[in-house]
Amino acid sequence: MRKLILAAASIAALTLAGPAAAQSPIVIKFSHVVASNTPKGLAADKFKELAEKYTGGKVKVEVYPNSQLYKDKEELEALQLGAVQMLAPSNSKFGPIGVREFEVFDLPYILPDLKTLRKVTDGPLGAKLLKLLDSKGMIGLAYWDNGFKQMSANKKLLSPADYKGLKFRIQSSKVLEAQFRTLGVIPQVMAFSEVYQSLQTGVVDGQENTWSNIYTQKMHEVQKYMINTNHGYIGYVVVVNKKFWDDLPADIRAACDKAMKEATEYGNSQSAKENEDALAEIKKTGKSEIVTLTPEQDAAMRKALESVYQDVAKRVGQPLIDEFLKETRGATN
Ligand code: LMR
């Protein structure tokens, strides 16, 4: 696959010879792994619409959803090599390229709600985290929401003990690995595009994701139970190839920045509803039972996962966790 990415990158390099302005129109390939009718898919399509409008057609955005071009790990390589220009990987996926700090968003129960999340992403901590991407050949442009994660399996998972011995698919985040190991689960890192089939064939027993991702990937058709835990968060960092972005004529970049800002506002205003609608659709199919934990069961899950914070302090650093908690503390979950 790396060869293919390299080939695509050299074609991109040929077409990019000379300033980006020389091309007409300037093409932004935006690759992502989820369906178009998800919070990320909708925001990407909105960015396309607005960037093309605000540049008067001088920019053409080609959105490739559903891992059509690249899977999770490959898309980040492709961006760094210039085979695509824009992506929105989840916070959990930056570890393998050496930026583990975004994994702090993966800590269980760290965010009580999306309003509190904004304090982090729109504040100095959010800006500081985006800056870390510069050294990786990319610029972090925005934070996009998906929403809160739920657990799914073929077993009714009511208590922490119920998880023991199961195999769960995880994203490539050490925090998520620690979360599942704490529950006695065997975590398996896997690309998003492979999750449905792995659940269907029993390669893994369960997974965690948002209602929107579960519904659009039809995971509810191959999992008997969905546990409404809201135990974690999935959100994205929109990244663009740094050289490509820096080489854009200033007026074009400003127009794209404006489009990104508005697409972000739009996407983030829709994400909660997208997830609610997806949950309603899953319920309608009757294919999977939605399990709500009692307050006692919820408290037991929170307690069981507390130790993850100490485990991952070594990885992301206690000061970063403290900084994050300083923003979110005081809000009720
Ligand atoms: C996942 O891999 O489960 C998600 O990050 C996919 C996505 O982009 O929402």
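Scope of the values below: all heavy atoms of this structure, side chains included, with no hydrogens, waters or symmetry mates. Worth saying up front: this structure is predicted, and the values here are computed from it rather than measured. Counting starts at 1 for both ligands and their atoms, in listed order.
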Could you tell me whether Phe105 and Phe324 have their ring centroids closer than 6.0 angstrom?
-> yes
Exactly which residues line ligand 1, taking a heavy atom under 4.0 Å from it as the test?
-> Val33, Val34, Lys40, Ser90, Lys93, Arg169, Gln171, Phe192, Asn209, Asn213, Tyr236
Could you tell me whether Lys71 and Glu194 have a side-chain N and a carboxylate O separated by less than 4.0 Å?
-> yes
Which donor-acceptor pairs under 3.5 Å do the side chains of residues 248-257 make with protein atoms, sequence neighbours left out?
residue: Arg253; atom: NH1; partner: Trp245; partner atom: O; Å: 3.0
residue: Arg253; atom: NH1; partner: Asp246; partner atom: O; Å: 3.2
residue: Arg253; atom: NH1; partner: Leu248; partner atom: O; Å: 3.1

Show me the donor-acceptor pairs within less than 3.5 Å that the side chains of residues 129-142 make with the rest of the protein, sequence neighbours left out.
residue: Lys131; atom: NZ; partner: Asp134; partner atom: OD2; Å: 3.0
residue: Ser135; atom: OG; partner: Leu132; partner atom: O; Å: 3.4

Partners of Glu101 by salt bridge (Lys or Arg N to Asp or Glu O under 4.0 Å), sequence neighbours excluded?
-> none
Can we say Glu77 and Lys73 salt-bridge, meaning some charged N sits less than 4.0 Å from an Asp/Glu carboxylate O?
-> yes
